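Structure, as structure tokens:
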Amino acid sequence: MAAFEKTPGWLDWYANPSKPRFQVPAGAVDAHCHVFGPGDQFPFAPERKYTPCDASKDQLFALRDHLGFDKNVIVQATCHGADNRALVDALQAADGRARGVATVRRSITDEELKELHEAGVRGVRFNFVKRLVDFTPKDELMEIASRIAPLGWHVVIYFEAVDLPELWDFFTSLPTTVVVDHMGRPDVTKPVDGPEFELFVKFMRENPNVWSKVSCPERLSHTGPRALDGEQNAYRDVVPFARRIVETFPDRVLWGTDWPHPNLKDHMPDDGLLVDFIPHIAPTADLQRKLLVDNPTRLYWGESHVA
Ligand SMILES: O=C(O)c1cc(C(=O)O)oc(=O)c1
């Protein structure tokens, strides 16, 4: 029996993903994915807002190989709070083929930061999505950012598009590279050249240290179609948003599966078909190589700042 009871209605990840038709370039990185537990080995955090199914490192590595990726960037999921043990365990088992983004509190010691670095952590995640986390004061986040900056780490931020104006000053004062999860969650029912998405484009244009993950069409899409049953044109309503970011900022974009897709309520995508989404948003081989190989390799496997 599982150690934890899943949140009612929880959808498990898609068990037998198709083989993608799109072949990712050699050295491709899935730059946004998670591990969940397993709960009996790595308990979920008491402060979590959801209880997921298990999604182990071995299952993640099997997916990586099946989809044709070379490496992973594993992002600490909110269900594990600031307990990074499952993440570190996965990084240590990955034989140099995974890097991590952790969640830390201001109480973390320099020694603990060094251990995370040695395990392969290269960033911290600040989450502003209210359904996922309780509020953390900005002075605490800024203190963490200034402590991780000398390590050469970056800050990953997750927020909803409507909250960008209020968070702007904080984000633009961060002293590191800043990576936005899932394009800042645009409302794709609004125009791609409307004021809301223009603000996000301006955020990236005016701040050359800001990168974006062009991930999660399955979360952002309203009209689909879903990445199921061999669909080769999934989530068409998200394409103009992601493509605009890829074409405007080709050297500052990352892509990830978001496996095992926490909190999806209406369907669970076939991850093979999610890979087939990539050429719609990065239509040339040059853009694909930057998105999948050059950018993540530079950010996560570049020069290390800790001896
Ligand atoms: O939108 C979400 O529910 C979500 C949750 C988490 C997490 O719980 O860490 O991570 C994500 O990338 C997305």
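In each ligand, atom 1 is the first atom listed, and ligand 1 is the first ligand listed. Note that this is a predicted model, so its numbers are computed, not measured. Computed from heavy atoms alone, side chains included, the values below leave out hydrogens, waters and symmetry copies.
- Applying the 4.0 Å criterion to heavy atoms of Arg219 picks out, from ligand 1, the atoms 1 (O), 2 (C), 3 (O), 4 (C), 13 (C).
- When hydrogens are left out, the protein atom nearest atom 6 (C) of ligand 1 is Pro262 CG, 3.7 Å; that is the closest non-hydrogen contact.
- Of all atoms in ligand 1, listed by their number and element, those nearer than 4.0 Å to a heavy atom of Tyr158 are 1 (O), 2 (C), 4 (C), 11 (C), 13 (C).
- A salt bridge is absent between Glu112 and Arg105; no separation between the charged side-chain nitrogens and carboxylate oxygens falls under 4.0 Å.
- Using a 4.0 Å cut-off between heavy atoms, Leu132 contacts ligand 1 through its side chain alone, with no backbone atom that close.
- Annotation for ligand 1: atoms under 4.0 Å from non-hydrogen atoms of Ala77 are 9 (O).
- Residue Val75 does not touch ligand 1, judged by heavy-atom distances below 4.0 Å.
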When you look at His182 and His32, which way does the ring pair (Phe, Tyr, Trp, His ring centres under 6.0 Å) test go after all the steps? CA-CA 9 Å; His182 320 323; His32 186 97; 4.5 Å; yes

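- The shell of residues lying under 4.0 angstrom from ligand 1, judged by heavy atoms, includes Arg131.
- Here is the list of ligand 1 atoms found below 4.0 Å of a heavy atom in His32: 12 (O).
- Salt-bridge annotation for Asp193 and Arg244: absent, with no side-chain N of the basic residue lying under 4.0 Å from a carboxylate O of the acidic one.
- Residues forming a side-chain contact (heavy atoms from CB on, under 4.5 Å) with Arg21 (at least two apart in sequence, or on another chain): Gln232, Asp276.
- Geometrically, ligand 1 and Asn127 share no nitrogen or oxygen pair separated by less than 3.5 Å.
- In this structure, the side chain of His154 does not engage the main chain of Val179 through any donor-acceptor pair within 3.5 Å.
- Looking at Asn263 next to ligand 1, an N or O pair under 3.5 Å apart turns up.
- For ligand 1 and Arg185, the ligand atoms under 4.0 Å from any heavy atom of the residue are 1 (O).
- Residue contacts with ligand 1, taken as heavy atom pairs separated by less than 4.0 Å, involve Arg125 solely via side-chain atoms from C-beta onward.
- Using a 4.5 Å cut-off between side-chain heavy atoms of Ile, Leu, Val, Met, Phe, Trp and Tyr, with links allowed through other members, Met142 and Ile108 fall into the same hydrophobic cluster.
- Between Lys213 and Asp258 no salt bridge is recorded (no basic side-chain N to carboxylate O distance below 4.0 Å).
- For Glu140, there are no salt bridge (charged side-chain N to carboxylate O under 4.0 Å, His left out) partners two or more places apart in sequence or in a different chain.
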